[in-house]
Amino acid sequence: MTQGKVTMSLPGHFTKGASWEEVIQACIQSFDVEGSVCGSSHLMNITLTMHRLLMSSSDLLEKLTSLYPLPSRPNALRICYFIRYWIQEFWTMFRLHSSLSDSMEQFQDLIRDQGQERLCPLLQTQWINDRHWSQKPSQKIKANSSKKRKVSLLFDHLEPIELAEHLTYLEFKSFCRISFADYQNYIRSCCMKDNPMMERSITLCNGISQWVQLMVLSRPTAQLRAEVFTKFIHVAQSLHLMHNFNTLMAVVGGLCHSSISRLKETSSHVSHEVTKVLNEMTDLLSSCRNYDNYRQAYSRCAGFKIPILGVHLKDLISVNEAMSDYVEDNKVNVQKLQALYNHINELIQLQQITPQLDANKDLVHLLTLSLDLYYTEDEIYELSYTREPKNSKAPPATPSRPPVVVNWASGVPPKPDPKTISKHVQRMVDSVFKNYDHDENGFISQGDFEKIAASFPFSFCVMDKEKEGLISREEITAYFMRASVICSKLGLGFVHNFQETTYMKPTFCDNCSGFLWGVIKQGYRCRDCGMNCHRLCKDQVAFECKKNAKGSSTSEGPLTPGSGWATQGHSEPSQSRSCVVLVVCIVLLKVNLRPSLRS
């Protein structure tokens, strides 16, 4: 599977189909009496990988079991050699499917019953549990964490080639995580359901495209927007030279999105040379003639390259739909299995060619958090129309042909994981203080923070500063946590309008369920939905503002204690009232015994 591109053909008598028994017998005969493979292992690889489209691995092993008592002793040996080859070359199947290991134990019992116990060592699978997943291609490429090489974390200071290299680093890591089985699952289901590795790749592609749009729209003037637009064009050129077609599609798709292409005033500041390059990229990625221009460019590339995954997934679906699973006399269509195997195997082989990249870990952390953002189409268009309203009187820009980008990823919603977001934020904050906290006192300057924050479209998120002119690690962590949760989860409609409040009766935090202690200004209350929380909790609230929610359902089931907040006119349960009475007594005791106690 990991060798050169397969160009071998099937045996002539298999071109019109074959029964499973015939296929298995041909695989068994590929071994000599010493257990060595005679000739090509092509048919064995097809059988051991692609059978999962038609039957389970346990069923295949049962067919081998049914053949074992019948052949002569040499064929019995060859069956064991074939199963040993299966275990050694495709051990992940046995690691992931416990039922296959159970069937293997039953097969070993059969061998012992026939007095062939000496063959059992050929079928050992215990070593599989001790094998590390570190064999994954995605772990062959690592970011450089050396302190000797410092890079700027400011978007405006980064060279296009630096951005292209680090985007390629992230793309290749994501591409390598997609396994042979993931492609097979996609063929069978034609969707991303229960396919997290492929869905992660889609999310990255969509994230890059949205990040490009938002970085352009985050600039207040047309001239500044044109500069960012031009910078991403240079990033696209670098991606093209690096043969990273998937990220190239994401960047060009973001630049040609209608929320950007409608900005006539911005386009008027873009040079003709840049517009020409964009048109060339558009032609390269056009879907005309089934992406013929891209396919030709892709076939000419030797060595490292990252394909446009959506195009090749559509090829797999086309082959699967065009060719039947079985032919006449209920024989297996071996030619179809070979065609699908060759397509998938070519993608798997690309994972073995690691790029020569000098990725900086700090910049990787910054980009990872940047690409976690999520906005709805409506919010992006709203920002676009804010920058340049419909009645803008700017002269029309030179017309350019809009590209037809791959839309295979458009229907996949993000699945934010709070733990993942928190991990990305912590890593990014560590990188920021490593590069900008020169005194190592736990603070960076407000100027540095504002420059770093410019790499994120967080203009709606306000920083609460405790120390004038300096930003602490806790403050910047809270800022990015709140902004990341908002953007990655629910978009701008999530934002609460919190205001510091003095409560006249005992109140609990709707985020952590803790009591709001103090005499005055005990916590914060949302002016729109009435949510109450601690000062430290307001930046980590994981609940949508009910007033700003669009189309939210009110019948999602009962709320657990601490998962919602009371609204006016709703009574509290008797158990909560008892708790409130107890807390009131505690508060009165504290106030009487220690008047100076505030919390």
Side-chain angles (χ1 to χ4, degrees), residues 1 6-33 35-90 93-94 97 99-100 102-104 106-108 110-111 114 116 119 122-123 180-181 183-185 187-188 316-345:
M1 280 181 59
V6 175
T7 57
M8 298 179 182
S9 59
L10 292 170
H13 60 285
F14 282 169
T15 56
K16 295 184 179 180
S19 66
W20 278 115
E21 287 71 19
E22 291 173 332
V23 173
I24 292 174
Q25 285 291 353
C27 292
I28 293 172
Q29 297 305 320
S30 299
F31 294 91
D32 60 21
V33 294
S36 301
V37 178
C38 303
S40 171
S41 60
H42 182 49
L43 180 61
M44 287 195 296
N45 291 337
I46 294 176
T47 303
L48 294 175
T49 55
M50 305 309 298
H51 71 271
R52 295 180 66 248
L53 296 178
L54 304 177
M55 69 167 70
S56 68
S57 297
S58 297
D59 291 338
L60 177 61
L61 187 55
E62 287 182 8
K63 287 185 176 295
L64 286 167
T65 303
S66 65
L67 291 175
Y68 184 81
L70 301 178
S72 60
R73 182 171 173 274
N75 276 342
L77 267 174
R78 289 190 175 99
I79 290 177
C80 292
Y81 290 146
F82 179 50
I83 296 177
R84 180 183 64 177
Y85 180 87
W86 186 3
I87 296 172
Q88 291 178 343
E89 297 298 321
F90 307 101
M93 293 186 187
F94 295 84
H97 305 288
S99 60
L100 187 56
D102 295 339
S103 299
M104 183 63 67
Q106 296 175 6
F107 183 66
Q108 292 178 0
L110 173 65
I111 293 177
Q114 295 192 357
Q116 300 290 332
L119 299 179
L122 296 174
L123 312 176
F180 204 104
Y183 289 110
Q184 289 178 311
N185 292 336
I187 293 172
R188 288 189 294 184
L316 288 173
I317 297 298
S318 299
V319 172
N320 186 53
E321 295 295 329
M323 303 177 72
S324 60
D325 294 337
Y326 296 93
V327 292
E328 58 184 12
D329 298 330
N330 203 31
K331 292 184 176 180
V332 178
N333 191 346
V334 186
Q335 281 191 315
K336 174 182 178 177
L337 297 183
Q338 177 184 236
L340 292 173
Y341 171 82
N342 288 344
H343 274 81
I344 299 176
N345 195 37

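Position 1 is the first residue of the sequence; numbering continues from there. What's counted below: heavy atoms across the whole structure, side chains too, no hydrogens, waters or symmetry copies.
- Heavy atoms only, all atoms of each residue included: Asn342 and His42 are closest at OD1-CE1, 3.8 Å.
- Here the side chains of Ser57 and Arg52 are in contact, with some heavy-atom distance below 4.5 Å.
- Residues meeting the side chain to side chain donor-acceptor pair (under 3.5 Å) test with Arg84, sequence neighbours left out: none.
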For this session: In sequence, state the C-alpha distance, the side-chain angles, and the governing distance for Thr49 and Ile344, and then conclude on side chain to side chain contact (heavy atoms under 4.5 Å, CB included).
Result: CA-CA 10 Å; Thr49 55; Ile344 299 176; over 6 Å; no
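- Here the closest heavy-atom approach between residue Val33 and residue Leu77 is recorded as O-CD1, 4.5 Å.
- Residues Ile87 and Met93 have side chains not in contact (no heavy-atom distance under 4.5 Å, counting atoms from C-beta outward).
- The structure places OH of Tyr85 at 3.5 Å from OG of Ser41, a figure rounded to the nearest 0.5 Å.
- Checking side-chain atoms of Ser36 against main-chain N and O of Asp32 turns up no donor-acceptor pair under 3.5 Å.
- The closest side-chain heavy-atom distance from Asp325 to Leu53 is not below 4.5 Å.
- Looking only at atom types and distance, the side chain of Asn345 has no donor-acceptor partner in the side chain of Tyr183 under 3.5 Å away.
- Within the model, atoms CZ of Arg78 and OG of Ser30 stand 10.0 Å from one another, a figure rounded to the nearest 0.5 Å.
- The minimum heavy-atom distance linking Met50 with Leu337 is given by the pair CG-O, 3.7 Å.
- Using a distance-only test at 3.5 Å, with no hydrogens or angles considered, no donor-acceptor pair links the side chain of Asn320 to the main chain of Leu316.
- Not a single salt bridge (Lys or Arg N to Asp or Glu O under 4.0 Å) links Asp59 to another residue, sequence neighbours left out.
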Below 3.5 Å, can you tabulate the donor-acceptor pairs from side chains in residues 17-24 to any protein atom, sequence neighbours excluded?
unit_1, atom_1, unit_2, atom_2, d
Ser19, OG, Glu22, N, 3.2
Glu22, OE1, Ser19, N, 3.0

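- Contacts of His51 classified as ring pair (Phe, Tyr, Trp, His ring centres under 6.0 Å), with partners at least two apart in sequence or in another chain: Trp86.
- Taking CG from Leu48 and CZ from Phe180, the interatomic distance works out to 10.5 Å, rounded to the nearest 0.5 Å.
- The SG atom of Cys80 sits 4.0 Å away from the CD1 atom of Ile111 when rounded to the nearest 0.5 Å.
- With contacts defined as side-chain heavy-atom distances shorter than 4.5 Å, the pair Val327/Lys16 does not qualify.
- Ile83 CD1 to Thr65 OG1: the interatomic distance, rounded to the nearest 0.5 Å, is 6.5 Å.
- Residues that satisfy the ring pair (Phe, Tyr, Trp, His ring centres under 6.0 Å) test with Phe107, not counting sequence neighbours, are Tyr68.
- Scored by the side chain to side chain donor-acceptor pair (under 3.5 Å) test, Asn333 finds no partners at all (sequence neighbours excluded).
- For the pair Val334/Thr47, no side-chain contact is recorded, criterion being any heavy-atom separation below 4.5 Å from C-beta on.
- Not a single donor-acceptor pair under 3.5 Å links the side chain of Gln106 to the backbone N or O of Glu62.
- The only member of Phe82, Phe31, Tyr81 that meets side-chain contact (heavy atoms from CB on, under 4.5 Å) when paired with Val37 is Phe31.
- Note that the CD1 atom of Ile28 and the CE atom of Met44 stand 11.0 Å from one another [nearest 0.5 Å].
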